[in-house]
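To find a chain, count down the sequence lines: A is the first, B the second, and so on, and within it residues start at 1. Just so you know, these numbers use all the heavy atoms, side chains as well, and skip hydrogens, waters and symmetry mates.
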Amino acid sequence: MFQKMFERFEEEVKSCLKSVLDVDFTLEEPKEKFGDLSTNVAFKLAKSLKRKPVEIAEEILNKINIRKYKYIHKIENINGYINFHIDYNKFAKDLILEVKNKGKLFGSGLKTRKRVVIEHTSANPDGPLHVGHLRNAIIGDSLARLLRFNGYEVETHYYVNDMGRQVAILLFGLKKFPLDKKKKNDHAIADVYVKANKYLEENSEAEKEVREIMKKYEKGIFKTEVRNIVEYCLKGIRETLSRLNIKHDKFIYESDFVFNGEVENVLNRLKRTRFYKENEVSYLDLKEFGIDKELILKRSDGTTLYTTRDIAYHVFKSRNFDIIIDIFGSDHKLVARQLKAVLKILQEKEPEFIIHEFISIPEGKISTRRGIYISVDTLIEECIKKAYEEVSKRRKDLPEEKKRIISEKLGIGSLKFYIVRVSPERKITFKWDEVLNFERNSLPYIQYAYARICKVLKKKPAPENFEIYNVTQNEKNLIKTVSKFPKIVKEAAEKRSVHMIANYLLQLADIFHRFYNSERIIGSKEEAFRLNLINVTKIVLENSFKILGIEPLEEI
RNA sequence: GGGCUCGUAGCCCAGCCUGGAUAGGGCGUCGGCCUCCUAAGCCGAAGGUCGCGGGUUCAAAUCCCGCCGAGCCCGCCA
């Protein structure tokens, strides 16, 4: 019955304007003092009508019969801008009913049959995840959650690069250096990998051996050995991801596309196109697509390359899904363009890419090969440690067990939030004091809002019936922000922008805290309404947390 | 050299796609608010050539062109 209140208000404003105008117009959200929606149509008309915007606006205003609209409280003309104000008494009542009614589904989209595949993380199985992978994983995971919430059928993939040089080096290394069984799997693998790389640098004759392994492996030799090593490492990686509340639906092995003949099939298809060229290597000429660099498909020794196999994987995705989304690091920008071009050539579905910049650490450039990185495991431990210090400082009254649970969730959540909050194209320099800031603009700030609500509602649950008197400005802000949630979710999904959700959450928490500080809830004349208002705020917080894969805490 | 991305107060970030009213937050700084639902909070102040230059427009942080600076890529690595 009640559907997306903010959009209903928007619809009313639109039909209101349409009833008196026969030109296109746009609506925007002005600053608080100018109302809730605004149009600058009078400015657009000024030129053709050769009249002043203020006069045009006035004329439009006079034609409108405001009584026909339920949620429009007032319309005014300020210097030519036509501003619409919400009738908050009616609006709030219906909004609260809507949110209560929908609950967990408030803001979600209708189920669609659209199948989406999101590939993310896909770190090489040669060591633990580090900060760079973390960003990829967090963006991918929350995007999957966002699209699911919007009604899509989503499958997440971890594409395992179990082929190529790094695997050969690992295989080579394991013959020379023992695996430390006491260490976490992925860390033990990294030790060997770093040692093997160092050995290769110092002993150039060993290079031949590595190439030999690669060649044999592609023919199917060492298949089980490689799978075992890879699985060994992945077990460690999975443990880390699981602590972050990130889980992939499927692990797709790159080598499978070679062994099951798919790579060869794709190569044959490409051979029949005019883009295919051969000399000592096979390659594609992609100049037509504005890519000067030829795309090499096969080495002179006949082995395939990473991109070749990736094409086969994408053909597979194209056959099984409607929308293909890849989360890539910015070093893969060229690969992304190449893939898009090749998929177009093959007349398959072209993937969408979310390309994120890197996270750098003060220590310098990250390199797993050289052993320069902060592992996500270390990061998680640090965050929890710091969170524990903060929690202990602020909540001396809590029992030890509770403090530990809260710090674990707050620490890991803060890490995720710090990363998901900034738009992907911006590079991040990882700074501890920013990650573990427990004040405003942080996850604890939002969790605190949630905890405050829980506490109040625990004392006094929101009653079924309530009356709305005069709505204060802080209440209006909170009502409006809550009502905008479905719109934000929809826009974020369309733009594939998870950081919008994080920023919305900050805004909601901010507005809540302001309301909470200035308005007494329990014991006030408006108690019943306010309890209902914070109750719906709580639902929106929960739904937003779910999108980000962060667990709400009833107490912090 | 070429391609892509970024440049918004001392520091960090949103807004840019879809142009509009004194450019929003946060950290830090300064000053206030706890006999009352967690002060992990709230209120206030100071702090800006939106990298630079040009163009389009009644109107540009936003669109177009040029430049400067930073990052990434340009491998028979992945």
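- Counting any heavy atom pair closer than 4.0 Å across all strands shown, A:Arg514 reaches sugar-phosphate atoms only and no base atom.
- Across all non-hydrogen atoms, the minimal contact from A:Leu533 to A:Thr537 is O-OG1, 2.8 Å.
- A close approach under 4.0 Å does not occur between any side-chain nitrogen or oxygen of A:Lys458 and OP1 or OP2 of B:rC37.
- Side-chain N/O atoms of A:His356 include none lying less than 4.0 angstrom from OP1 or OP2 on B:rC6.
- The aromatic ring centres of A:Tyr418 and A:Phe430 sit less than 6.0 Å apart.
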Reading nucleotides 56-62 of chain B from 5' to 3' and marking B where a protein heavy atom lies under 4.0 Å of the base, S where only the sugar-phosphate is that close, and - otherwise, the string is --S----
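- The residue A:Leu334 sits close only to the backbone: its heavy atoms come under 4.0 Å of sugar-phosphate atoms, none of a base.
- A:Glu555 comes within 4.0 angstrom of a base, heavy atoms only.
- Here A:Tyr448 reaches the OP1 or OP2 of B:rA39: one of its side-chain N or O atoms lies under 4.0 Å away.
- A:His499 comes within contact range of the sugar-phosphate backbone alone, with a heavy-atom separation under 4.0 Å but no base atom that close.
- Checked by distance alone, A:Ser38 brings a side-chain donor or acceptor within 3.5 Å of a matching partner on the base of B:rA21.
- Nucleic acid contact class of A:Glu280 (heavy atoms, under 4.0 Å, all strands): base.
- The residue A:Leu305 sits close only to the backbone: its heavy atoms come under 4.0 Å of sugar-phosphate atoms, none of a base.
- Counting distance only, with no hydrogens placed and no angle test, the side-chain atoms of A:Ser518 and the base atoms of B:rC42 include no donor-acceptor pair under 3.5 Å.
- For residues 389-411 of chain A, no pair satisfies ring-ring contact (aromatic ring centres under 6.0 Å, His included), with sequence neighbours left out.
- In this model, the phosphate group of B:rG75 is not approached by any side-chain N or O of A:Arg165 to a distance below 4.0 Å at OP1 or OP2.
- Using a 4.0 Å heavy-atom cutoff across all strands shown, A:Phe34 reaches at least one base atom of the nucleic acid.
- A:Glu29 comes within 4.0 angstrom of no nucleic acid atom, judged by non-hydrogen atoms across all strands.
- Contacts of A:Glu494 with the nucleic acid, taken as non-hydrogen atoms under 4.0 Å apart, are absent.
- Using a 4.0 Å heavy-atom criterion, one finds that A:Met163 contacts the sugar-phosphate atoms exclusively.
- Of the two residues near RNA chain B, A:Asn503 and A:Thr304, the one whose nearest nucleotide lies more 5' is A:Asn503.
- Neither OP1 nor OP2 of B:rC37 sits under 4.0 Å from any side-chain N or O of A:Lys459.
- Taking the C1' atoms as reference points, B:rU8 lies 8 Å from B:rG48, given to the whole Å.
- Among the protein residues, A:Arg309 comes within range of the sugar-phosphate backbone only, with heavy atoms under 4.0 Å from sugar or phosphate atoms but none that close to a base.
- Within the structure, every side-chain polar atom (N or O) of A:Lys455 is placed at least 4.0 Å from both OP1 and OP2 of B:rG41.
- Across all non-hydrogen atoms, the minimal contact from A:Ile355 to A:Ala336 is CD1-CB, 4.0 Å.
- B:rC27 and B:rC64: their P atoms are spaced 35 Å apart (whole Å).
- The base of B:rC17 sits with one of its N or O atoms less than 3.5 Å from a complementary donor or acceptor on the side chain of A:Lys495.
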Decide side-chain contact (heavy atoms from CB on, under 4.5 Å) for A:Met163 and A:Glu218; before the verdict, give the C-alpha distance in whole Å, the side-chain angles of both, and the deciding distance to 0.1 Å. CA-CA 8 Å; A:Met163 200 147 226; A:Glu218 195 149 335; 4.2 Å; yes
Under 3.5 Å, N/O pairs linking protein and nucleotides 69-71 of chain B:
from: B:rG71; atom 1: N2; to: A:Lys333; atom 2: NZ; distance (Å): 2.9

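- Within the 4.0 angstrom heavy-atom criterion, base atoms lie near A:Leu410.
- Not a single ring pair (Phe, Tyr, Trp, His ring centres under 6.0 Å) links A:Phe358 to another residue, sequence neighbours left out.
- Comparing the P positions of B:rC43 and B:rC34 gives an interatomic distance of 16 Å, to the nearest angstrom.
- In terms of polar N and O atoms assigned as donor or acceptor, the side chain of A:Asn83 comes within less than 3.5 Å of the base of B:rA21 in a complementary pairing.
- Between A:Ser423 and B:rA14 there is a side-chain polar atom (N or O) within less than 4.0 angstrom of OP1 or OP2.
- Residue contacts shown for A:Arg395 include a base, since a base heavy atom lies under 4.0 Å away.
- B:rC42 is paired with B:rG32 under the criterion used here, namely a Watson-Crick or G-U wobble arrangement in which both key atom distances are under 3.5 Å.
- If you check every strand for non-hydrogen atoms under 4.0 Å, A:Ala449 touches nothing.
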Protein-proximity profile, nucleotides 26-36 of chain B, B/S/- by nucleotide at the 4.0 Å heavy-atom cutoff, equals SSS-------S
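- Using a 90° window around 0 for the glycosidic torsion, B:rC6 falls outside it and is classed as anti.
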Protein-nucleotides 8-11 of chain B N/O pairs under 3.5 Å:
from: B:rU8; atom 1: O4; to: A:Arg426; atom 2: NH2; distance (Å): 3.4

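- Pair assignment for B:rC63: B:rG55, on the basis of Watson-Crick or G-U wobble contacts that are both within less than 3.5 Å.
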